[in-house]
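FYI, side chains are in, hydrogens and waters are out, and symmetry mates aren't considered; it's all heavy atoms of this structure. One-based numbering, in listed order, for ligands and for the atoms of each.
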Amino acid sequence: MPQPAGSTSVEPAPFSGRVHVLGAGPVGLLLTALLQSTDGVSVRLYEKRREYSRTRMVQLASFLVADSIDAYCHDHIDDESVVAIFDPQELSELLAFRRSIPPDLMDLLRDWTLGFCPLKAIERSLSDLIDARATSVERTTAVVTAQDAMAMLEPGDALIDCTGSKSVLRDHLAPGAGGVDDGGNTLKIRLEYALVVTFLYGQRYDCNEYCKYLKNADNPHYKFIPMVNRTHYDGSVSHVTGIVNISAEDYEAMPSQFDGAWLRGNFPRVTESMDRFINKVKEETHGELLGDLEIVRIPLDLYRARHATSREWRTSGQSDHPFARSPVFLAGDSAIGSPYFQSISLGFECAMYLAGLLARRDVPMRDLLDRYELYMYKQWLRVYMRSKMIKHNKDLFESIDEPLALLEKLHIY
Ligand SMILES: Cc1cc2nc3c(=O)[nH]c(=O)nc-3n(C[C@H](O)[C@H](O)[C@H](O)COP(=O)(O)OP(=O)(O)OC[C@H]3O[C@@H](n4cnc5c(N)ncnc54)[C@H](O)[C@@H]3O)c2cc1C
């Protein structure tokens with residue numbers, strides 16, 4: 001007969017060192033590369049895609065390769081938040097783990113914090129590095145379901161879900177809470193709808209806060225907000241990415257991906273706004289747009305798994321469930337998702353912490369689960385505050401030429 005919840009706690013079998021990583025996107029690959037070089041750990045990596053083809057340009061945050069607490073906290077949006085949330089001891093442990101990362105991997109991370117690169121380049125480099133190392137990783141190409149994942153677990157195994165925003169296991173980690181189909185373990189906050197617009201420009205173009213304003217001065221709506229200080233010039237071409245805020249109705253009326261020609265035919269007001277912005281860039285820098293705009297429409301959601309591990313199963317009274325006996329962790333977008341071009345760095349940060357925990361064979365598994373939950377909660381607080389700050393600043397920017405609309409958005413006390 002099932003025991004009442006909370007009455008007993010199932011003790012997971014001691015960690016055998018075998019880890020199943022589901023999903024070989026950037027976070028699953030980084031975790032695999034970190035665990036691969038950890039003594040006593042063997043990794044099985046599962047991925048459904050056969051090729052890495054995602055072209056979007058991404059950049060990693062410099063805190064990933066920080067070598068001091070000052071450097072780690074240095075951020076123009078949330079440096080105080082980091083100090084407020086994390087204890088000095090925790091920060092020291094994070095940095096100590098960074099120092100232990102093998103040079104082949106650290107060199108790649110350092111490169112990716114310097115400028116933009118295509119997501120597929122990060123994925124391919126990590127994947128090649130894993131394959132080239134002496135310690136082999138068992139790789140399987142397959143779509144893994146939650147049932148498959150439960151069936152593959154043997155006593156002592158650990159399972160890490162890195163399957164991204166549509167995580168295979170997230171909603172299976174909350175026994176009885178709302179059910180899997182209701183997203184019972186997912187807290188989601190929709191911040192806004194947006195177009196992510198990317199274009200190539202045949203001249204150097206560096207954007208700062210002032211140009212963001214001046215180039216939108218004649219755009220009352222649909223302002224294009226580029227990633228300030230993060231346009232990437234590769235020697236002949238600038239890669240520019242930014243966001244245009246759209247309404248829920250606009251979002252519904254658009255396909256998920258399209259180009260500038262489609263936008264021109266269907267949303268002329270957004271096109272005019274983009275044209276004004278790009279024409280001002282041209283006036284200043286005398287270059288040309290190369291090719292067409294690439295546009296993706298996305299809801300900008302901030303979400304987290306309320307439980308980032310299978311800890312709840314241990315006290316659920318269902319001791320024969322695989323997740324009660326074996327530890328399961330979520331990492332990357334499967335655990336926390338945030339908009340505004342920050343998710344990969346957050347996912348990498350959490351992967352480093354988790355790899356550091358699993359290397360600690362002296363710590364009982366129940367303590368590892370507790371520590372990871374606490375750490376993920378702190379990361380959630382950090383990214384929640386950071387994202388709200390970015391959104392608030394964006395809202396103010398949208399109304400910058402209308403004092404009354406601006407005042408309405410200023411909640412002071
Ligand atoms: C348009 C756009 C632009 C972005 N720009 C940036 C940016 O500039 N900077 C930034 O930091 N972030 C950016 N992001 C977010 C970033 O791409 C994600 O945060 C990142 O890819 C998450 O990595 P992940 O490994 O956690 O998940 P994913 O990249 O989603 O990888 C999950 C992996 O799991 C595999 N998988 C899924 N289900 C299964 C299954 N059932 N069986 C087997 N394999 C499975 C998938 O094939 C995939 O390889 C952007 C996102 C979008 C949509």
Atoms in ligand 1 flagged as close to [X], the criterion being non-hydrogen separation under 4.0 Å:
X: Ser343; result: 10 (C), 11 (O), 12 (N), 15 (C), 19 (O)
X: Met57; result: 8 (O)
X: Gln342; result: 10 (C), 11 (O)
X: Val143; result: 41 (N), 42 (N)
X: Cys162; result: 32 (C), 33 (C), 34 (O)
X: Arg49; result: 47 (O), 48 (C), 49 (O)
X: Val144; result: 40 (C), 41 (N), 42 (N), 43 (C)

>> Is it the case that atom CG in Asp131 sees more than 12 heavy atoms from other parts of the structure closer than 6.0 Å?
In response: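 Counting other residues, nucleotides and ligands, CG of Asp131 exceeds 12 neighbours.
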Among [options], whose heavy atom sits nearest [atom]?
atom: atom 23 (O) of ligand 1; options: Pro26, Ala351, Gly332; value: Pro26
atom: atom 43 (C) of ligand 1; options: Ala24, Gly23, Ala142; value: Ala142
atom: atom 7 (C) of ligand 1; options: Val58, Val197, Leu60; value: Val58

> Under 6.0 Å from the six-membered ring centre of Phe397 and within 45° of its axis: does the NZ or CZ of Lys212 meet both?
Replying inline: yes
> Would Arg264 count as a cation-pi partner of Phe258, with NZ or CZ less than 6.0 Å from the six-membered ring centre and within 45° of the ring normal?
Replying inline: no
>> With a heavy-atom distance limit of 4.0 Å, tell me whether Arg54 approaches ligand 1 through its side chain, its backbone, both, or neither.
In response: side chain
> What part of Val168 sits under 4.0 Å from ligand 1 if we count only heavy atoms: the side chain, the backbone, both or neither?
Replying inline: side chain
Do any N/O atoms on [X] end up under 3.5 angstrom from N/O atoms on ligand 1?
X: Ser334; value: no
X: Arg56; value: yes
X: Thr145; value: no

> What orientation do Phe277 and Phe224 show, parallel under 30°, tilted 30 to 60°, or perpendicular over 60°?
Replying inline: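 Ring orientation, 0 to 90° scale: perpendicular.
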>> Parallel, tilted or perpendicular, judged at 30° and 60°: which one describes the rings of Trp380 and Tyr384?
In response: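 Answer is tilted, since the angle falls between 30° and 60°.
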Could you tell me whether [X] and [Y] have a side-chain N and a carboxylate O separated by less than 4.0 Å?
X: Lys215; Y: Glu284; value: yes
X: Asp218; Y: Arg276; value: no
X: Lys394; Y: Glu192; value: yes

>> Within the structure provided, determine whether Met227 and Ile243 are in side-chain contact (heavy-atom separation under 4.5 Å).
In response: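 No. Closest side-chain heavy atoms not under 4.5 Å.
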>> Please tell me whether Tyr372 and Phe329 form a close aromatic pair, meaning their ring centres lie under 6.0 Å apart.
In response: yes
>> Under the criterion side chain to side chain donor-acceptor pair (under 3.5 Å), I'd like the reasoning laid out for Asp250 against Tyr222: C-alpha separation, chi angles, the key distance, then a yes or no.
In response: CA-CA 11 Å; Asp250 293 343; Tyr222 295 122; 2.8 Å; yes
> Taking the non-hydrogen atoms of Glu123, is any one of them nearer than 4.0 angstrom to ligand 1?
Replying inline: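 Checking ligand 1 against Glu123, which is what was asked, there is no heavy-atom contact under 4.0 Å.
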> Quick one: does Leu22 get within less than 4.0 Å of ligand 1, heavy atoms only?
Replying inline: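 So Leu22 does not count as touching ligand 1.
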